[in-house]
Chemist: 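Dumping the structure here so I can ask a few things about it.
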Amino acid sequence: MTHSQAENVIKNIIREIGQECAMKGQTVSETLVAFMVKVVVLDPRNGFNVDRTLTKADVQKLIKLCIERLLDTRNPSLDTIKMQVYFDMNYSSRVDLINEQHRILESRLAPVGREITDNRARTREELESVYRKMVSYVLLRSGLGSPTDIKVIREATVPAILNEAIPAATHHIEIELQTSQDLAYRYTAIIETMHQSLNAEMELKLTMLKEVLYNVRQHEAYLCVILSDVITCSQEIDMMQKQLAAQMEQLKDVVRAKTAVPTSQVYPSFITLSNLWTSFQDEILVLSFLNNLTVNLQQFLNAHAVIFPEDVMESLLEGIRVKTDDERLKESADDKVNVSDFTSEEWLFPETTINFSQLIVQYHGFCAYSFAVKDGLLVPGNPSLGILKHKEKYYTFCSRESAYCFARNPDKYIKMIGDKAKESPELIQLLELHHQFESLAPYSQIKSKDKSLKPITKCDSSTQTDTHILPPTIVKDYEWNEWELRRKAIKLANLRQKLTHSVQTNLSHMRRDNSAQVYLMKDSSTQTKRESSSNVPRPQIFLAGLRGGTPPITRMTKVNLTRAVDET
């Protein structure tokens, strides 16, 4: 069967399951049905082999099992899975939520914005109409309420609504969180007691109690995520309110009592105020989204209230001490793991690991050994006892004995936990087992699975080196100052041009010793080219008869007496 054919078969199975559930009065989403198909196939008790093609009988069996699980309204496991699917499909980070809201609002409010920007109001009535449209635009964009409510219109001019919304949202979430935690503490105490003595009737009730425990623990985890986002909103709003106050003071200083102010001075402040107001609107949207998410998650906690009403819970809790997570951590805080008892396993402690509190521990911080040995009991692990590092993953334990037992054979217990998760698929997301079940991992965990944090360990250490390894080579006349070197150079240059004189008189003779220091004579020589010359005869030419004589005609005679060259 090709990949496309397999996809078509799965789509047909999902469609048929959804139709069957709708015919029996239960509306389910395709996402929930797809998740249920995967978990039913993975459950080893159902006998499906994922390595071979499903036959027609296998398909009918798969459809029947999925329908039975989806129609079991008294099953806490189904409510937990529905909660997980709902949260994964609806929850978004603050940044993603704000960006998506901006995109939706821009598309919806584009016509109103064009009416405001394209308006060419001149009269007073037209200007008032434009102003009302602007207020309506702000109200619709911020989601504060109806534009026809005068209280909402007044509230649109200041972000004071956030000062009331954040404490209200925080208080509501904290109440819900405390309720879920109280239920988790009570169920954990009952399961621990019932685990000691089991029979057929108690075993069925114990299984239901564990499923309910998973339900409330998952609800607690989601509320913690929401509360963290609300706290982040509160911090952002506090920072923006300080910025708003500072910008308003700056704007007042610029304007004061002036009749006219240059636009270059006030426009930057207006733009900053506009951006701050937009940020306030974004926080309002985030708070509204988180409040709605908190309310909608509450509906998935109804199953346990029907199965275990208050009177049944009181009877089960008779004579049992209910411990909170904090009390459990305090009881085991001093019983730390002794590292010397292990040779191959690495343990991390708060004193030796800088980023100890930021390490991402496995199984959502629950004790790995208690869950594996006590058939799925969720007990919070205590990191202060020591965190076990095994194959680049980190594990916490509720006691020293649990840590020692798990560390002797970690792979054995890890496999046991994976097998238990196949039988209870809601544990895959609750315990964050996405690295073992890639096909069932929620999108938010797939994005962050590679962002593992490495521990930064620290320890006390010291080093010692010899003070002087090599013999000292101290140059006492060394000078590092450039100006001092220049001064000495000038002084030496002047001395080379000076002469030292001494004078001794009869009065000073034999009274003192005078000495003078001069530069010693230096032997030096120069070498030049050899000079040579050649002599030529001196010209001796005589003229006779220039003075005239007896005859009337003067006759001059030239006589050359120059010697020949070879005669020289």
Side-chain angles (χ1 to χ4, degrees), residues 90-117 130-147 149-174 224-255 261 263-295 444 447:
N90 291 274
Y91 176 77
S92 299
S93 63
R94 294 180 68 257
V95 177
D96 294 339
L97 177 63
I98 290 173
N99 293 337
E100 180 65 18
Q101 290 295 331
H102 283 182
R103 187 187 65 80
I104 295 174
L105 285 174
E106 289 296 337
S107 61
R108 291 181 178 178
L109 297 179
V112 182
R114 283 194 296 270
E115 289 182 7
I116 297 173
T117 56
V130 174
Y131 174 76
R132 287 193 295 270
K133 290 181 180 179
M134 293 172 64
V135 174
S136 299
Y137 181 89
V138 172
L139 291 172
L140 293 173
R141 185 178 179 88
S142 62
L144 292 174
S146 174
D149 190 347
I150 186 62
K151 294 182 179 179
V152 174
I153 294 176
R154 291 174 180 173
E155 190 60 49
T157 59
V158 291
I161 189 174
L162 292 170
N163 296 329
E164 300 177 1
I166 289 181
T170 305
H171 181 67
H172 174 65
I173 296 172
E174 287 178 346
C224 289
V225 174
I226 296 174
L227 183 60
S228 176
D229 288 345
V230 173
I231 293 174
T232 303
C233 287
S234 176
Q235 295 172 350
E236 292 289 331
I237 290 170
D238 290 341
M239 180 183 66
M240 288 188 295
Q241 285 180 339
K242 294 177 181 178
Q243 294 177 354
L244 178 63
Q247 285 295 326
M248 292 300 295
E249 290 296 329
Q250 182 179 354
L251 189 60
K252 290 178 181 178
D253 293 338
V254 172
V255 177
V261 183
T263 56
S264 60
Q265 296 182 10
V266 294
Y267 271 17
S269 298
F270 289 159
I271 294 174
T272 304
L273 291 174
S274 175
N275 294 333
L276 285 173
W277 175 244
T278 303
S279 300
F280 279 121
Q281 295 173 347
D282 293 339
E283 299 303 327
I284 292 175
L285 290 172
V286 173
L287 283 175
S288 177
F289 166 76
L290 295 176
N291 282 327
N292 293 333
L293 191 61
T294 303
V295 173
S444 58
K447 290 193 299 183

Chemist: Taking the side chain from N291 and the backbone from L287, do they hold a donor-acceptor pair closer than 3.5 Å?
Modeler: yes

Chemist: Does S228 use its side chain to pair, donor to acceptor, with the backbone of V225 at less than 3.5 Å?
Modeler: no

Chemist: For the residue pair D96 and S93, confirm or rule out a side-chain donor-acceptor distance under 3.5 Å.
Modeler: yes

Chemist: When rounded to the nearest 0.5 angstrom, what distance separates CG in D253 from CE in M248?
Modeler: 11.0 Å

Chemist: Do the non-hydrogen side-chain atoms of S234 and E283 ever get within less than 4.5 Å of each other?
Modeler: no

Chemist: Starting at CG of L285, measure out to CD of E100 and round the result to the nearest 0.5 Å.
Modeler: 12.0 Å

Chemist: Could you grab the distance from atom NE2 of H172 to atom CD1 of I226, nearest 0.5 Å is fine?
Modeler: 9.0 Å

Chemist: Output the distance between atom OG1 (T272) and atom CG (L276), rounded to the nearest 0.5 Å.
Modeler: 7.0 Å

Chemist: Can you tell me how far the CG atom of L244 sits from the CE atom of M239, to the nearest 0.5 Å?
Modeler: 12.5 Å

Chemist: About how many Å separate CD1 of I237 and CG of D282, when rounded to the nearest 0.5 Å?
Modeler: 10.5 Å

Chemist: Which is it for R94 and C233 under the side chain to side chain contact (heavy atoms under 4.5 Å, CB included) test, yes or no, and what are the steps along the way?
Modeler: CA-CA 9 Å; R94 294 180 68 257; C233 287; 3.6 Å; yes

Chemist: Let me see the working for D238 and Q241 under side chain to side chain contact (heavy atoms under 4.5 Å, CB included), right down to the final yes or no.
Modeler: CA-CA 5 Å; D238 290 341; Q241 285 180 339; 4.2 Å; yes

Chemist: Are Y91 and D229 side-chain neighbours, meaning at least one heavy-atom pair lies under 4.5 Å?
Modeler: yes

